[in-house]
Novice: 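Next up is a structure, given as structure tokens.
Both backbone and side-chain heavy atoms feed into the values below; hydrogens, waters and symmetry mates do not. In what follows, chains are A, B, ... by sequence order, proteins preceding strands, each numbered from 1. If you're wondering where the values come from, they're calculated on a predicted model, not measured in any experiment.
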Amino acid sequence: MAKTAVPAKIAQRAAKLRTDLDAHNYRYYVEDAPLVSDAEYDRLFRELQALERDYPALSTPDSPTQRVGGQAATQFDPVTHRVPMLSLNNAFADEEAEAFDRRARAALGVEEVDYAVEPKFDGLAVSLVYERGQFTLGATRGDGNTGENVTANLRTVRAIPMRLPADAPPLLEVRGEVLMLKRDFAALNAAQGSAGEKLFVNPRNAAAGALRQLDPAITASRRLAFFSYGVGAVEWGSVTPPATQDALLKLLAALRLPVASQRSVVRGLEGLLGYYRFIGTKRDKLPFQIDGVVYKVNPFAQQERLGFVSRAPRFALAHKFPAEELPTQVLAIDVQVGRTGALTPVARLKPVFVGGVTVVNATLHNEDEVRRKDIRVGDTVIVRRAGDVIPEVVRVLPEGRQPNAPQFELPKRCPECGSKVVRLPDEAIARCSGGLVCPAQRKQALLHFASRRAMDIEGLGDKLVDQLIDAGLAHTPADIYMLGVAALAALDRMAEKSAANVVTAIDKSRATTLARFIYALGIRHVGETTAADLAQHFGTFDALLAADEHALLEVRDVGPVLVQSILQFFAEAHNRDVIAQLRAAGVHWTETAPRREPAGKFAGLTFVITGTLPTFSRDDAKALIEEHGGKVAGSVSKKTAYVIAGAEPGSKLDKASELGVPVLDEQQLMAMVAHGRIKR
DNA sequence: TTACCTCGAGCTCA
DNA sequence: CTCGAGGTAA
């Protein structure tokens with residue numbers, strides 16, 4: 001029962017509760033020093049909930065009570081970042097940090113550089129957009145350009161303010177990391193345990209899982225934290241833009257956004273390494289997991305002068321702690337057969353929990369690698385997760401060696417089909433010579449054929465492919481177009497419905513594009529890009545089939561290795577048969593006129609943009625150039641065709657005149673788009 | 001490479 | 001309830 005007038009006392013109380021709850025959140029997540037117990041927090045929370053229920057006029061969208069999560073979503077919408085979310089270059093050794101500092105000093109022409117330094121959180125990167133102080137959009141990093149809209153889930157994160165103070169910039173995109181505090185992780189797992197639920201493996205995965213929930217109420221119950229470390233798109237309005245990273249973080253902190261209290265400003269290499277060591281000693285005592293520290297050149301003016309190398313800024317470095325290394329035992333060394341017949345030795349390990357996950361497999365890459373490290377079955381080895389992800393056998397502990405353990409040898413015959421194994425004299429990789437006789441290669445070929453970027457047959461995964469090949473229902477990709485529902489339904493975990501779905505998916509794949517089809521064939525060295533180039537260049541499949549060495553070499557980015565590979569593939573009668581069968585089965589695409597000219601008037605040209613253009617944003621200009629087949633690079637080299645310069649150009653302009661690269665303004669760029677290229 | 005979430009559908013037991 | 005497939009993240 002809603003009352004229209006809210007007594008002043010009640011309104012005051014609600015406002016007080018809101019301020020207090022926000023303050024408690026801040027104490028808990030930002031200052032790591034809670035003032036009240038969880039029970040007391042809950043009591044205040046419920047009191048506010050009750051007031052808002054009795055007096056709906058009191059409800060505001062930024063009230064702490066709105067953090068419990070509303071409607072469950074059915075999917076996450078894509079979000080394009082206004083400014084791409086880049087990754088950082090990594091360093092593990094002090095020497096790499098030294099090289100970073102040396103390059104920065106050289107490029108800036110200074111004796112010593114000031115760095116803003118902070119811990120590197122082990123969580124998930126997100127972007128938070130505040131418009132006129134209101135939190136309006138939260139997104140995951142995704143591939144850096146496009147992420148997922150997880151606003152509803154991020155609203156439940158108590159460390160994220162729903163509203164910024166009145167003096168905030170009109171548009172502020174905050175970049176930071178969502179993570180789970182160690183103590184919240186422990187509490188969550190204790191609860192999961194007593195409820196008989198599955199335990200989470202580490203705080204990072206628990207946070208990632210929480211953020212990916214479709215139902216924000218579940219996210220709310222998982223207690224995520226957040227720390228900001230930078231900004232994306234910003235309109236400063238009447239706010240004076242900060243001149244340094246340190247000032248920026250202070251400004252964010254003043255806006256009540258969480259910032260790591262362990263941050264600092266240091267000078268020179270000694271400062272960097274000193275901070276690295278210092279945080280290393282504090283690591284275990286921090287309330288959250290970190291995997292290193294981040295160095296950023298402090299003044300933004302210097303950051304701009306350093307610029308970017310491809311996907312990462314040259315003014316920042318992630319100095320990681322050494323990867324955790326633990327001993328375990330080699331139970332077996334299996335040999336896997338890939339799509340091209342490549343034989344890869346894989347160590348099967350006694351499960352070991354290292355670097356936050358349980359490792360049971362580690363690729364040993366090739367025969368020489370196993371020999372060099374002299375890994376034998378039964379050995380005790382040191383395992384780590386290198387470069388963040390891939391498990392790696394570092395070395396053998398000699399004391400664990402069984403006296404009679406034989407040296408590893410690659411089998412002379414393929415473990416899957418018994419064909420001869422051949423290794424060309426100048427190659428590191430040994431291959432099964434069985435080609436498509438080999439079931440392992442047939443499976444891989446079929447899996448590749450059906451994959452999303454190829455023929456995109458949904459439901460045809462590895463388990464089904466295994467069964468199809470093993471049961472002899474399919475030998476080549478062409479065979480799958482002959483499959484009926486009845487044949488499929490006889491397989492494991494395949495009843496009427498699933499079988500019908502797969503048949504429909506196979507059916508649908510008959511209509512495809514030439515580029516996809518070429519890629520799906522699985523010709524060695526022909527990936528997605530080359531397949532698209534070939535399709536465009538020849539226009540029809542038969543033109544490609546008829547092409548000789550000379551004709552193939554005319555295709556953009558196609559060299560002698562690729563030519564040999566393509567000619568060899570089509571020379572095989574077997575491959576031509578399969579192609580004919582596929583076409584007979586109704587696989588089709590629209591053929592086009594050959595376009596020997598590479599697409600777009602900017603094809604083959606690399607542009608570099610510097611300064612602020614009068615009407616285009618950097619992204620728009622980039623999109624425009626790419627639309628016409630050009631590339632946009634971050635730095636000027638002798639391969640750069642044009643530099644597009646706007647107001648306040650950076651050092652790229654000097655570099656351009658140094659190398660004699662023509663410089664255009666935005667108007668000239670537009671003229672090129674309209675009238676074709678300007679002659680160099 | 002591993003872990004997590006979601007979905008559809010099959011399997012199992014009542 | 002369990003499994004396979006598909007997706008995401010680091």
Novice: Need one value for A:Thr140: base, sugar-phosphate or nothing, where a base atom within 4.0 Å counts as base even if backbone is also close, heavy atoms only.
Specialist: sugar-phosphate
Novice: Please tell me if the side chains of A:Gln262 and A:Ile290 come closer than 4.5 Å, counting only heavy atoms from C-beta onward.
Specialist: no
Novice: Give a yes or no answer on whether the side chain of A:Gln467 reaches the backbone of A:Asp492 with a donor-acceptor pair at less than 3.5 Å.
Specialist: yes
Novice: Below 6.0 angstrom between ring centroids: does that apply to A:Phe308 and A:Phe315?
Specialist: yes
Novice: Using side-chain contact (heavy atoms from CB on, under 4.5 Å) as the criterion, list what pairs up with A:Ala489, not counting sequence neighbours.
Specialist: A:Glu496, A:Ala499
Novice: Tell me, which pairs form a side-chain hydrogen bond (donor to acceptor under 3.5 Å, both in side chains) where one or both residues lie in residues 279-290 of chain A, sequence neighbours left out?
Specialist: none
Novice: What is the nucleic acid contact for A:Asp462, judged by heavy atoms within less than 4.0 Å: base, sugar-phosphate only, or nothing?
Specialist: sugar-phosphate
Novice: Among residues two or more places apart or on two chains, list those pairs meeting ring-ring contact (aromatic ring centres under 6.0 Å, His included) that have a residue in residues 439-483 of chain A.
Specialist: A:His448-A:Tyr519
Novice: Quick test of your reading of the model: are A:Asp379 and A:Lys373 salt-bridged, counting only N-O distances below 4.0 Å?
Specialist: no
Novice: Would you check if A:Met455 and A:Lys508 make a side-chain contact, meaning some heavy-atom pair closer than 4.5 Å?
Specialist: no
Novice: Can you list, in residue-number order, the parts of residues 181-193 of chain A that come under 4.0 Å of DNA chain B, counting heavy atoms only?
Specialist: none
Novice: Rounded to the nearest 0.5 Å, what separates atom CZ in A:Arg314 from atom CG in A:Asn89?
Specialist: 10.0 Å
Novice: Hey, does A:Ala362 reach any base, or is it just sugar-phosphate, or nothing, if we go heavy atoms under 4.0 Å?
Specialist: nothing
Novice: Working to the nearest 0.5 angstrom, can you tell me the gap between A:Asn153 CG and A:Leu224 CG?
Specialist: 8.5 Å
Novice: Distance under 4.0 Å to a non-hydrogen atom of chain A counts as contact; along DNA chain C, which nucleotides mark the start and end?
Specialist: C:dT2 to C:dA10
Novice: Can you list, by residue number, the residues of residues 468-487 of chain A that have a non-hydrogen atom closer than 4.0 angstrom to DNA chain B?
Specialist: none
Novice: Provide the full list of ring-ring contact (aromatic ring centres under 6.0 Å, His included) pairs with a residue in residues 197-228 of chain A, sequence neighbours left out, each pair given once.
Specialist: A:Phe121-A:Phe227, A:Phe227-A:Phe288
Novice: Could you list the residues that satisfy side-chain hydrogen bond (donor to acceptor under 3.5 Å, both in side chains) with A:Asn366, not counting sequence neighbours?
Specialist: none
Novice: May I ask you to say what A:Leu211 touches in the nucleic acid, namely base, sugar-phosphate or nothing, with a heavy-atom cut-off under 4.0 Å?
Specialist: nothing
Novice: Any residue in residues 340-360 of chain A with a heavy atom nearer than 4.0 angstrom to DNA chain C? Just list them by number, or reply none.
Specialist: none
Novice: Nearest 0.5 Å please: distance from the CG atom of A:Asp94 over to the CG atom of A:Leu272.
Specialist: 10.0 Å
Novice: Find the distance between OG1 (A:Thr156) and CG (A:Leu211) and round it off to the nearest 0.5 Å.
Specialist: 8.5 Å
Novice: About how many Å separate CG of A:Asp479 and CG of A:Leu582, when rounded to the nearest 0.5 Å?
Specialist: 9.0 Å
Novice: With sequence neighbours excluded, tell me which residues meet side-chain contact (heavy atoms from CB on, under 4.5 Å) with A:Val465.
Specialist: A:Lys443, A:Leu446, A:Leu447, A:Leu460, A:Ile469
Novice: Using a 4.0 Å heavy-atom cut-off, write out nucleotides 4-14 of chain B from 5' to 3' as B (base contacted by protein), S (sugar-phosphate only) or - (no contact).
Specialist: SSSS-BBS---
Novice: Any chance you could measure A:Asp122, atom CG, to A:Leu179, atom CG, to the nearest 0.5 Å?
Specialist: 8.5 Å
Novice: Can you check whether A:Glu148's main-chain N or O pairs, donor with acceptor, with A:Thr140's side chain at less than 3.5 Å?
Specialist: yes
Novice: Residues of residues 446-457 of chain A with any non-hydrogen atom less than 4.0 angstrom from an atom of DNA chain B: list those, numerically ordered, please.
Specialist: none
